[in-house]
Amino acid sequence: QADVWNASLWVPRMAQSILELQKNAVLRMLNLGDGGDQNLSTASTWKVLVYDKFCQEVVSLLLKVGGLRNHGVTLHLNINSERLPVADVPAVYFVEPTEQNIQKIVEDLSKNLYESCYVNFASAIPRPLLEDLANNAFQTGGAQKVAGVFDRYISFVSLSPTLFSLNLPAAYMTLHSTQLEERVMRQYIERIVDGLLSIVATMRVLPVIRCPPGEAAQMIAERLEERIRELLNRSGGVAAELFAAARTGAEVPGGSRPLLIILDRDIDLVTMLSHTWTYQAMVHDVLGMRLNKMQVPVESDDASAPPKARSYDVDDQDSFWTAHAGDQFPEVLNAVPKAIEEFEKKRAEMANTGGEDGAQALAPGLAAAINALPEMTEKKRSIDMHTNIAHALVAEVKARELDRYYELEDQLPSQSLGTSISQLEQLLNASQKGTLADKLRAIMILVLTKPSVSQQQLQGLVDAYENTGGDAAGVRYLQYLQSIRNMAMPSTTSTVTTGGATGTLAGAFGGLADRFMATGDALLAAGMSGIKNIVASKKELATCQIVEALMEQKQGGVTENYLYLDPKAPPARGADVPRIRAPFKRAMTFVIGGGNYVEHQSLQDWAQNSGRQVTYGSTDIVSPVQFVDELSHLGQTLGQGQSGSMPDLS
C-alpha cells in the first residue's frame, strides 16, 4: 500500500506575496513529490500533469505553457478527458479531494496509463476518501504505481500578489438560499474553510482571527480555528510542519503575526453593484474579465466587417497593467498614447543606432538592438492589447452612457431623495441609454443608500423598470433583507479627486493608435466631455474602515463586538482570550459572498498610505452583473423555502 500521507514541507523564505508562495508550492509539486528546492535533475524529468477544472485554473494563473514545459511537463490533460497510455513517464495528479476524482485515479491505475503517479490534492483529503483510494488501488493491482499522496493546501487562485479567490461562484446566493439542505450547506461552509486553511498554510502564518458575531463569518472563523488547532496538535505528523515557523515565532524575518479578518458580504452591498470608473474594475465590469482573462471586440481594417473577439490575459508581469489598473479611466486614456509615444521614441533610437561611424558602431548597435528585441516585442504586445481594451471601453461608455450612471450613483448618498428619484425616473425612460442591468443596478443602489424611500416611490420606479421589460425580483430581495437586518453602509464623505483629461496622441502604432484617438475625440465631441470633469467622492469603504479599526486595535465603533480567535493560544472564549495589544502590520481580509476590484484597490491604497500590508480575497471576484443575477435569483425564490423565509445563520 502506498505511503498515503504527506504534505509539502516548509521551505525557509523571505517575505513573499501569496502569488509567489503558491507558485513555489506548485513547482515543488511538479518536482515529483520532493518538498525541497527545485533542482535540474527532477525538474527536467518528463512527466504528465493531470488536473481537474478547478486545479487547471489554479495552475493557469501561475504558469504558462512554456513555464510548464520548463519544468518537464510534456502533456497537461483534464482528468475527465479520454487519455491514452504514456509509457515510461510518471504522472502528477493535481485535483480536488472528491469521490469522482478518486474513482478516475483508480480507473487510471487499473488501465496502467502511466509508469507511476504522484497524487496531489489541492486541500486536505478526508480520511474516508484516503482509505477508499488506498483500498481500491490495492484491489485493482495498481497500488505499487502510487509513488506518494500529498495534501498541498493550495485550494485557491492567486489573481495578483495581493489578491486571491477561492473560485467559488454564486457564494452569496448559495449561503442565503432556502433551497439547500443543511447537510449541503455544511459541506459548502467546510469548502470555504478548506480554502482559508490553504491560504494560511501557503503563507506559513498563524494569524489572529477577527470576525463579526453571528452569521456565516463566525461559523467559518470558528471552524477554521478548530482545523488549525487540529493540525498543530497532530504530534509527529508532517502536516504540523505547515506552521513550524509560526509556532516558533519566525513566520517572516522581522515580522509580527498577521491578522485574518473574515467579513460577511452584507457589510457593503453598494460596492458590489455600483458602476465603476477605474481601469481594472471597468475591465471586469464591462468586458467580463474572469481569472485575468477577457474577450475584447477588436475592429478590423475593413470598416464594413463586424468587430472580432480577441482573447487577452493580464497579470502582474504587464508593467502598464500594474501601473494603471487602479487609475481612473480618463487617466488611462492619457496613459495609452504616452506609452505609444515612448515606444515609438525608443524604436526610432534603435533604428538610428550607428550614426555616421558606419561599421564601427554597427556591431555594438546591432547587438544592443537584438538584446532589446524581446523587451520591445513584449512592450508592443502590451500596448497593442491595452489600446484595444481602452478602445472597447470607450465604445461601451459611449453606447451605454456609463459615465452618467457612475456619476449619478456616486452622488446618491449626498443628495436629496427627491432629486435622486427624479434622476432615476429620467434614466428609466425607455429612450435612455444603458442596459436593463445598468438601470436595475441604479435602482438597487437607491434602495441601499436611501432607506427612507417610501414603498409608493419605489413601486413607481419598479413599475417603470418592468414596463421596459426588466425583472425587479432583486429589488424585492433587498427590501426583504433590509426588513430583517440593519446593513452597514459605506462612508460617503472624504476628500474629492478629479479624473484627468484626455491628451493628444504622438506617434503611430500600426494605425491602431490613430483609430483610438479618432474614436476618443469623437466620443468627447459627441457631448461626453464630462468624462474628464467628473468629481468623484473618494469614499473610504466600509471594509477599509473595519480593517483600519482592527489593525490599529481601536476601541469602540463597529468592531467593538468582533470575536477574537487565536489558534495559538490555549482554548478560551470571550474576555478570557489572551490578546495581542500592539497594532498589526499585516492583514488578510476575506469577504464571504463575493469580492470586487474596487474594494481590493481601496484596501491597497489605504495600506500604502498607512505603511501596512493587506492581502484581499473572497469566495469569488464577482462582477456587478453577476451579483445582480444572484440577488434576482434570491428574489425569485423568496418564500419558496419550507419555512417561507430566508435562513438566519446567526
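The shown structure was predicted, so the numbers you read here are calculated from the model rather than taken from an experiment. Residue numbers run from 1 in the order of the sequence given.
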Under a 3.5 Å threshold, yes or no: a donor from one side chain and an acceptor from the other, between Asn101 and Tyr93? no
Classify the side-chain pair Gln139/Asn135 by whether it contains a donor and acceptor separated by less than 3.5 Å. no
Is Arg191 paired with Glu96 through a side-chain N to carboxylate O contact shorter than 4.0 Å? yes
Aromatic plane relationship, Tyr279 with His386 - under 30° parallel, 30 to 60° tilted, over 60° perpendicular: tilted
Any idea how Tyr51 and His76 line up, ring-wise: parallel (<30°), tilted (30 to 60°), or perpendicular (>60°)? tilted
Using the six-membered ring wherever Trp is involved, compare the ring planes of His600 and Tyr616 and label them parallel, tilted or perpendicular (cut-offs 30° and 60°). tilted
Under 4.0 Å between a Lys/Arg side-chain N and an Asp/Glu carboxylate O for Lys293 and Glu57? no
Could you tell me whether a side-chain N or O of Ser81 sits under 3.5 Å from a main-chain N or O of Arg83, the two making a donor and an acceptor? no
Shortest non-hydrogen contact from Arg227 toward Ala124: NH2-CB, 4.3 Å
Using only atom types and a distance under 3.5 Å, with no angle test, would you say the side chain of Thr278 pairs donor to acceptor with the backbone of Gln280? no
Closer than 4.0 angstrom, basic N to acidic O: yes or no for Arg223 and Glu230? yes
For the backbone of Asn120 and the side chain of Arg152, can you confirm whether one donor and one acceptor N or O come within less than 3.5 Å of each other? no
Can a salt bridge be assigned to the pair Glu378 and Arg381 using a cut-off of 4.0 Å between side-chain N and carboxylate O? yes
Are Arg257 and Asp566 ion-paired here, with the side-chain N under 4.0 Å from a carboxylate O? yes
